[in-house]
Amino acid sequence: MPSAPLPRSFYARPTVEVARDLLGKILVHGRTAGRIIETEAYLGSQDEASHAFRGPTPRNRVMFGPPGHAYVYFIYGMYECMNVVTETDGTAGAVLIRALEPLRGIETMRRRRPHAKREQDLTSGPGKLTIALGITRRQNGADLTRGPLTIPPPDHPLQFEIESTPRIGIRRCADWPLRFLLRYP
DNA sequence: CAATAGATCATCT
DNA sequence: GATGATCTATTGC
């Protein structure tokens, strides 16, 4: 009996708390799944690096909506990145899923990313993991508390530490330590 | 090893 | 017209 998806109350909290607590949880899409090992927090009106900084637009509107939904956007003409919407309805906030440890459906992932050499390279970046799990803009706005795209906790508790560093690939607020990594003891 | 160029397009200026 | 919450292959030490 697999674990139930995290409830909406998990996401209806400050973005940094959610970003740290997502480490170790399982991202499931269809028959593929991976353990979340790297996240980044993107705040709302105070965070110049956030898509939500200049207010709602057609692209970022789900960041302003209810928590526990997916915000998937297209970047660099090629890639899609998946976020989890946080905070209460009406307040922008999201956590970018930056890396996973492949757990299930690894053959499917290999088929989708035939150039990945090592197994961990299948999902070792925000653009890679969406390809490996088959996540696209069609999942933008998807409810993470039910449906094919969910985030259950692990079946067995896991011992790990959390490392925090500056976020990657941004220019504004480049020194804020809002990137979180799962480190095994 | 590290550094960099090219791919390619939605969004914003 | 430029930029970007990226990835990969290639070039250069």
Side-chain angles (χ1 to χ4, degrees), chain A residues 11 14-23 25 27 29 32 34-65 67-87 91-102 106 108-142 144 149 151 162-182:
Chain A
Y11 302 101
T15 305
V16 171
E17 280 183 33
V18 178
R20 297 175 62 96
D21 290 347
L22 277 172
L23 294 175
K25 303 297 191 290
L27 178 62
H29 187 222
T32 57
R35 187 192 321 282
I36 298 172
I37 57 174
E38 185 178 337
T39 62
E40 279 179 1
Y42 284 88
L43 284 30
S45 54
Q46 312 302 312
D47 183 359
E48 288 190 75
S50 172
H51 290 168
F53 179 65
R54 291 169 201 285
T57 68
R59 174 173 70 158
N60 67 21
R61 67 185 164 78
V62 313
M63 272 187 81
F64 291 83
H69 291 254
Y71 167 45
V72 185
Y73 67 89
F74 187 65
I75 187 84
Y76 298 129
M78 256 190 198
Y79 297 104
E80 278 146 312
C81 295
M82 179 191 161
N83 297 250
V84 164
V85 176
T86 59
E87 309 279 353
T91 300
V95 175
L96 173 68
I97 310 297
R98 282 198 63 88
L100 306 173
E101 191 179 287
I106 291 174
T108 301
M109 298 187 196
R110 284 200 185 286
R111 201 167 59 242
R112 290 170 174 159
R113 285 187 36 73
H115 294 291
K117 285 183 66 78
R118 299 169 302 171
E119 183 173 302
Q120 66 190 43
D121 296 331
L122 289 167
T123 53
S124 59
K128 301 178 191 176
L129 69 90
T130 53
I131 295 170
L133 299 216
I135 296 169
T136 71
R137 278 163 289 175
R138 287 210 314 278
Q139 277 74 46
N140 189 39
L144 299 173
L149 183 61
I151 307 184
I162 297 175
E163 178 182 353
S164 64
T165 77
R167 294 176 290 185
I168 299 292
I170 57 170
R171 306 201 301 185
R172 321 298 304 208
C173 308
D175 53 343
W176 294 11
L178 295 183
R179 175 177 178 238
F180 303 100
L181 300 103
L182 182 158

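All values reported here derive from a predicted model rather than from experimental measurement. Chain naming here is simple, since letters A, B, ... match the order of the sequence lines and numbering starts at 1 in each.
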Phosphate OP1/OP2 of dC7(C) contacted by R113(A) side-chain N/O (<4.0 Å): no

Cation-pi check, R137(A) onto Y73(A) ring (under 6.0 Å, within 45° of axis): no

Nearest-Å distance for atom pair CG/P, residues N83(A) and dT6(C): 11 Å

Any donor-acceptor N/O pair, D121(A) side chain to A116(A) backbone, under 3.5 Å: no

Minimum-distance nucleotide to R98(A) side chain [options: dA10(B), dT6(C), dA7(B)]: dT6(C)

Euclidean distance, atom CZ of residue F74(A) to atom P of dA7(B) [Å, nearest integer]: 15 Å

Side chain of K128(A) - closest among dC7(C), dC12(B), dA5(C): dC7(C)

Any strand: nucleotide that pairs with dC12(B) via Watson-Crick or wobble, under 3.5 Å: dG1(C)

Distance in angstrom units between I168(A) CD1 and dA5(C) P, rounded: 13 Å

Spacing between E38(A) atom CD and dA5(C) atom C1', to the nearest angstrom: 11 Å

Sugar-phosphate only, base, or nothing, as touched by R179(A) at under 4.0 Å among non-hydrogen atoms: nothing

T57(A) vs dC12(B): side-chain N/O to OP1/OP2 distance below 4.0 Å: yes

Ring-base stacking, Y76(A) with dG4(C) (5.5 Å, 30° cut-offs): no

Touch class at under 4.0 angstrom, heavy-atom based, for Y42(A) against every strand present: base

Closest-nucleotide 5' rank along DNA chain C - winner of R59(A) and D121(A): R59(A)

Length of the line joining R61(A):CZ and dA10(B):C1', which is rounded to integer Å: 15 Å

Given DNA chain B, 5'-ward residue of the pair R137(A) and Y79(A), judged by closest heavy atom: Y79(A)

Side-chain (E87(A)) to main-chain (T15(A)) donor-acceptor, under 3.5 angstrom: yes

Touch class at under 4.0 angstrom, heavy-atom based, for H115(A) against every strand present: sugar-phosphate

Rounded interatomic separation in angstrom, taking CG from L122(A) and P from dT8(C): 10 Å

Touch class at under 4.0 angstrom, heavy-atom based, for I170(A) against every strand present: sugar-phosphate

Gap between atom CD1 of I162(A) and atom CG of L181(A) - 0.5 Å precision: 10.0 Å

Donor-acceptor side-chain pairing of H51(A) and Y71(A) below 3.5 angstrom: yes

Pairwise 5' ranking along DNA chain B for P58(A) and I75(A), keeping only the more 5' one: I75(A)

R54(A) side-chain N/O to dC12(B) phosphate OP1/OP2 under 4.0 Å: no

Interatomic distance where CD belongs to E48(A) and P belongs to dA5(C) [whole Å]: 12 Å

Side-chain donor/acceptor of N140(A) to backbone N/O of V72(A), under 3.5 Å: yes

Touch class at under 4.0 angstrom, heavy-atom based, for G127(A) against every strand present: sugar-phosphate

Length of the NZ-C1' vector between K117(A) and dA9(C), whole Å: 13 Å

